[in-house]
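Start at 1 with the first residue, then count along the sequence.
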Amino acid sequence: MTQKVFYQGEIVDESSVSISIRSKAFNYGLACFEGIRAYWDDEEEQLYGFCMKEHYDRLLESCKCLNMRIPYTSEELCDYTVELLKANNCKTTTYIRPVVYKGAETLKPSLMEMDDRIVIYTQPLDSYSGKDELRVAVSSWRRISDTSLPPRTKATAGYLNSALAGLEVISKGYDEAIFLTNTGFVCEGPGENIFFVKNDKLITPPPSDDILEGITRALVMKLAKEELGMEVVERSVARTELYNSQEVFFSGTAMEVTAVVEADDRRIGTGHEGEVCRKLKEIFAKVGIGKIDKYKYLTIPVW
């Protein structure tokens with residue numbers, strides 16, 4: 001079946017959409033994007049768009065920062081996405097990628113031209129990492145800072161930073177990288193936020209430490225407080241705390257909730273997924289398919 005995409009207000013064949021080799025998006029990375037999940041529930045034979053509005057709210061915030069303007073509200077983008085999922089007959093867990101980009105073909109790396117375009121495509125995606133337990137290493141590449149390329153904009157250009165870190169550590173046999181800030185504190189992974197369990201508290205780096213303010217991060221914090229009764233603390237985290245925490249885990253739309261069991265060749269906790277991570281993962285999975293009434297507002301049924 002020919003895949004459909006949303007492009008400039010219409011659902012069209014993917015093959016009909018092209019981006020010029022002269023476009024600013026291709027030449028300079030002048031674009032921003034989101035990653036959204038839709039979870040398939042076998043029992044109900046239903047697909048649930050997950051945290052769609054929250055993601056589109058953040059996309060529009062990124063657009064403001066980058067001087068991009070698209071004529072759609074978050075609610076309208078949710079409706080278009082549901083239409084797209086139906087058009088592609090998505091009946092499996094699916095990843096949704098909206099991209100807003102500068103289509104202008106002038107030479108200057110400028111955000112001034114108002115040729116702003118949006119495309120949304122879908123693809124099946126189950127496990128992103130393919131593993132339940134990850135071995136990580138701190139990268140020598142530092143995380144981009146808010147004074148250079150603001151991480152919270154989720155700009156496509158910023159992911160060169162992520163790719164360099166991944167190249168460095170994955171080529172050495174690790175599963176994922178860890179970024180430090182320019183001041184030496186733990187920041188996040190190349191595409192994931194990070195959490196630590198110490199003394200029955202859940203700890204995560206604050207927005208001021210150049211993290212992307214993750215949608216999944218916010219939900220994990222909420223679930224830890226409301227479902228596990230944990231105190232959640234946002235504070236700067238020293239590198240050595242990677243090694244002596246009881247648990248460490250990632251969160252993210254693609255990564256979901258995944259344990260980190262080894263960092264820089266040092267075992268974390270028991271060396272296996274910890275109880276807090278396991279419980280949060282189980283709750284998160286239920287929330288994603290609308291199985292917990294109080295969180296159903298986060299899901300949009302497609303079929």
Side-chain angles (χ1 to χ4, degrees), residues 28-35 51 54-55 57-68 99-100 109 111 128-129 134 136-170 174-198 201-222 224 232-243 245 248-258 260 263-264:
Y28 304 117
L30 301 189
C32 58
F33 72 98
E34 278 296 323
C51 291
E54 290 78 5
H55 280 284
D57 284 344
R58 188 173 66 181
L59 180 68
L60 294 178
E61 289 174 1
S62 294
C63 288
K64 283 183 181 180
C65 184
L66 299 178
N67 198 37
M68 296 179 179
V99 185
V100 179
L111 291 167
Y128 175 69
S129 68
L134 303 178
V136 305
V138 172
S139 172
S140 64
W141 296 96
R142 295 297 174 101
R143 181 65 170 141
I144 51 176
S145 73
D146 200 55
T147 56
S148 58
L149 203 167
R152 62 172 47 86
T153 62
K154 207 166 174 66
T156 57
Y159 283 77
L160 175 58
N161 185 222
S162 298
L164 288 168
L167 175 64
E168 179 183 27
V169 307
I170 293 172
Y174 298 98
D175 300 311
E176 190 60 294
I178 296 284
F179 277 120
L180 302 183
T181 66
N182 285 312
T183 51
F185 291 112
V186 176
C187 180
E188 59 186 16
E192 313 86 14
N193 294 118
I194 192 167
F195 286 91
F196 306 84
V197 178
K198 293 194 72 173
K201 296 178 182 178
L202 189 62
I203 301 165
T204 192
S208 56
D209 277 352
D210 295 325
I211 68 167
L212 174 71
E213 294 180 76
I215 306 298
T216 305
R217 172 183 178 272
L219 179 58
V220 166
M221 293 166 69
K222 184 180 182 69
V232 179
V233 180
E234 293 181 87
R235 67 164 175 81
S236 296
V237 177
R239 178 174 179 171
T240 51
E241 291 185 85
L242 263 175
Y243 314 140
S245 291
V248 177
F249 61 88
F250 283 133
S251 75
T253 298
M255 185 65 77
E256 301 172 287
V257 179
T258 303
V260 174
D264 290 342

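Sorted by first and then second residue, the pairs that involve residues 147-165 and meet salt bridge (charged side-chain N to carboxylate O under 4.0 Å, His left out), not counting sequence neighbours, are D146-R152, R152-E213. Applying the salt bridge (charged side-chain N to carboxylate O under 4.0 Å, His left out) test to pairs two or more places apart or on separate chains, those with a residue in residues 180-196 are R143-E188.
Proximity of L134 to T258: side-chain heavy atoms (C-beta onward) are separated by under 4.5 Å at one or more points. Considering only heavy atoms from C-beta on, F249 comes within 4.5 Å of V220 through its side chain. L59 has its side chain within reach of C32: a pair of non-hydrogen atoms, C-beta onward, lies under 4.5 Å apart. Using a 4.5 Å cut-off on side-chain heavy atoms (C-beta onward), E256 and S251 make no contact. Side-chain contact between V233 and L202 is absent, with no heavy atoms from C-beta onward closer than 4.5 Å. Two residues are said to be in side-chain contact when any heavy atoms from C-beta on lie closer than 4.5 Å; L242 and I178 meet this criterion. Counting only heavy atoms from C-beta outward, the side chains of P207 and R217 approach each other to under 4.5 Å. With a 4.5 Å cut-off on side-chain heavy atoms, V169 and V136 do not count as touching.
Scored by the ring-ring contact (aromatic ring centres under 6.0 Å, His included) test, Y174 finds no partners at all (sequence neighbours excluded). For F179, there are no ring-ring contact (aromatic ring centres under 6.0 Å, His included) partners two or more places apart in sequence or in a different chain. Partners of S208 by side chain to side chain donor-acceptor pair (under 3.5 Å), not counting sequence neighbours: none found. Scanning for side chain to side chain donor-acceptor pair (under 3.5 Å) contacts around K201 gives an empty result, with sequence neighbours left out. E34 is linked by a salt bridge (Lys or Arg N to Asp or Glu O under 4.0 Å) to R58, counting only residues two or more places apart in sequence or in another chain. Here Y159 pairs with F33 under the ring-ring contact (aromatic ring centres under 6.0 Å, His included) rule; sequence neighbours left out. Remark: F250 engages no residue in a ring-ring contact (aromatic ring centres under 6.0 Å, His included) (not counting sequence neighbours). For the side chain to side chain contact (heavy atoms under 4.5 Å, CB included) test, residues two or more places apart in sequence or in another chain that qualify with T181 are T183, F185, C187, D209. With sequence neighbours excluded, no residue satisfies side chain to side chain donor-acceptor pair (under 3.5 Å) with N67. For R142, the side chain to side chain contact (heavy atoms under 4.5 Å, CB included) partners at least two apart in sequence or on another chain are L180, N182.
In this structure, CG in L167 is found 9.5 Å from OG in S139, a value given to the nearest 0.5 Å. Atoms CD and CG, from E61 and L66 in turn, are 12.0 Å apart once rounded to the nearest 0.5 Å.
Across every non-hydrogen atom of I211 and P205, the tightest pair is CD1-O, 3.6 Å. The minimum heavy-atom distance linking A31 with V99 is given by the pair CB-CG1, 4.2 Å. Between E176 and P190, the shortest heavy-atom contact is OE1-CG, 3.4 Å. Here the closest non-hydrogen pair linking T153 and C65 is CG2-SG, 3.2 Å. Smallest separation of non-hydrogen atoms from P151 and D210: CG-O, 3.3 Å.
The main-chain N or O of F195 is never found under 3.5 Å from a side-chain atom of T204 such that the two would form a donor-acceptor pair. One N or O on the side chain of S245 and one on the backbone of E241 form a donor-acceptor pair closer than 3.5 Å. At distances below 3.5 Å, at least one donor-acceptor pair connects side-chain atoms of E168 with backbone N or O atoms of S140. Of the possible donor and acceptor atoms, one in the side chain of H55 sits under 3.5 Å from a partner among the backbone N and O of G35.
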